[in-house]
Amino acid sequence: MKAAAAAHVQLPAMRLLLQQRPDGREAPRFVQLMLQPDLLGGWTLVRESGQIGGRSTLRREQFLDQASAMAALEAARDQQLKRGFQLMFVQGADAPK
């Protein structure tokens with residue numbers, strides 16, 4: 001019984017905040033990536049992007065397991081780092097740095 005209960009233990013949500021360097025002409029852009037467990041045992045990757053102080057766009061992707069959701073989070077993070085964004089904030093025990 002304990003093994004079955006341990007299989008359903010989910011880790012807490014994770015959050016990464018990336019931001020472009022301000023260039024002085026306009027507010028910097030940001031990307032926030034959040035990984036959250038859902039009620040059915042799956043995971044949701046939430047991507048919010050926009051300009052600080054302005055409008056933002058929110059997208060959600062569903063994943064059946066944490067490993068595939070974490071891989072998508074890491075790929076999204078790496079893509080933004082290649083675009084010149086800097087990692088500003090990391091929250092969550094297993095959040096990738």
Side-chain angles (χ1 to χ4, degrees):
M1 183 117 175
K2 286 185 180 183
H8 294 296
V9 172
Q10 293 193 352
L11 298 173
M14 291 170 236
R15 180 175 162 226
L16 304 175
L17 177 65
L18 299 102
Q19 178 180 316
Q20 284 183 330
R21 286 182 184 243
D23 62 5
R25 291 176 282 169
E26 58 184 37
R29 299 193 57 77
F30 75 93
V31 174
Q32 180 170 227
L33 304 169
M34 295 173 284
L35 196 57
Q36 305 168 335
D38 66 20
L39 296 175
L40 302 175
W43 287 82
T44 303
L45 174 59
V46 179
R47 302 174 195 225
E48 182 181 9
S49 61
Q51 199 165 22
I52 294 178
R55 292 182 183 220
S56 65
T57 303
L58 195 66
R59 292 185 342 192
R60 297 176 195 271
E61 283 183 79
Q62 299 296 127
F63 296 91
L64 295 176
D65 58 75
Q66 184 184 12
S68 57
M70 180 64 83
L73 175 85
E74 291 172 347
R77 176 209 55 204
D78 293 345
Q79 181 182 31
Q80 297 307 322
L81 290 172
K82 287 179 184 175
R83 290 182 175 172
F85 282 77
Q86 295 179 330
L87 192 59
M88 304 300 287
F89 180 79
V90 176
Q91 179 181 20
D94 287 349
K97 308 267 186 279

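Predicted model, so just to flag it, every value in this text is computed and none were measured.
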Inset, instruction - Could you please spell out the steps behind the side chain to side chain contact (heavy atoms under 4.5 Å, CB included) verdict for M14 and Q66? - result: CA-CA 11 Å; M14 291 170 236; Q66 184 184 12; 3.5 Å; yes

Inset, instruction - Check the pair F85 / R29 against side chain to side chain contact (heavy atoms under 4.5 Å, CB included), numbers first and verdict last. - result: CA-CA 8 Å; F85 282 77; R29 299 193 57 77; 4.2 Å; yes

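Here side-chain hydrogen bond (donor to acceptor under 3.5 Å, both in side chains) pairs that include residues 81-90, with residues two or more places apart or in two chains, number zero. The salt bridge (charged side-chain N to carboxylate O under 4.0 Å, His left out) contacts involving residues 48-59 comprise nothing, where partners must be two or more places apart or lie in separate chains.
Tracing side-chain contacts under 4.5 Å through hydrophobic residues (I, L, V, M, F, W, Y), one never reaches M88 starting from L73; they form parts of separate clusters. Both V90 and M70 belong to a single network of hydrophobic side chains, linked directly or stepwise wherever heavy atoms of I, L, V, M, F, W or Y lie under 4.5 Å apart. F63 is connected to L33 through a chain of hydrophobic side-chain contacts under 4.5 Å among Ile, Leu, Val, Met, Phe, Trp and Tyr, so both are in one cluster. F30 is not connected to L87 by any chain of hydrophobic side-chain contacts under 4.5 Å among Ile, Leu, Val, Met, Phe, Trp and Tyr, and they are in different clusters.
Between Q62 and T44, the closest heavy-atom pair is OE1-OG1, 3.0 Å. Of all heavy-atom pairs between L18 and Q80, the closest is CD2-CB, 4.1 Å. Taking each heavy atom of Q51 and A27 in turn, the nearest pair found is NE2-O, 3.0 Å. Listed here is the closest heavy atom pair of D38 and G41: OD1-N, 3.1 Å.
For R25, the salt bridge (charged side-chain N to carboxylate O under 4.0 Å, His left out) partners are D23, not counting sequence neighbours. Residues meeting the side-chain hydrogen bond (donor to acceptor under 3.5 Å, both in side chains) test with E61, sequence neighbours left out: R47. In this view, D78 and L81 satisfy the side-chain contact (heavy atoms from CB on, under 4.5 Å) rule, not counting sequence neighbours.
In this structure, CD in E74 is found 9.0 Å from CG in L16, a value given to the nearest 0.5 Å. L35 contributes atom CG, which lies 13.5 Å from atom CZ of R15 (distance to the nearest 0.5 angstrom).
Grouping Ile, Leu, Val, Met, Phe, Trp and Tyr by side-chain contacts under 4.5 Å, direct or through others, puts M34 with V46, L58.
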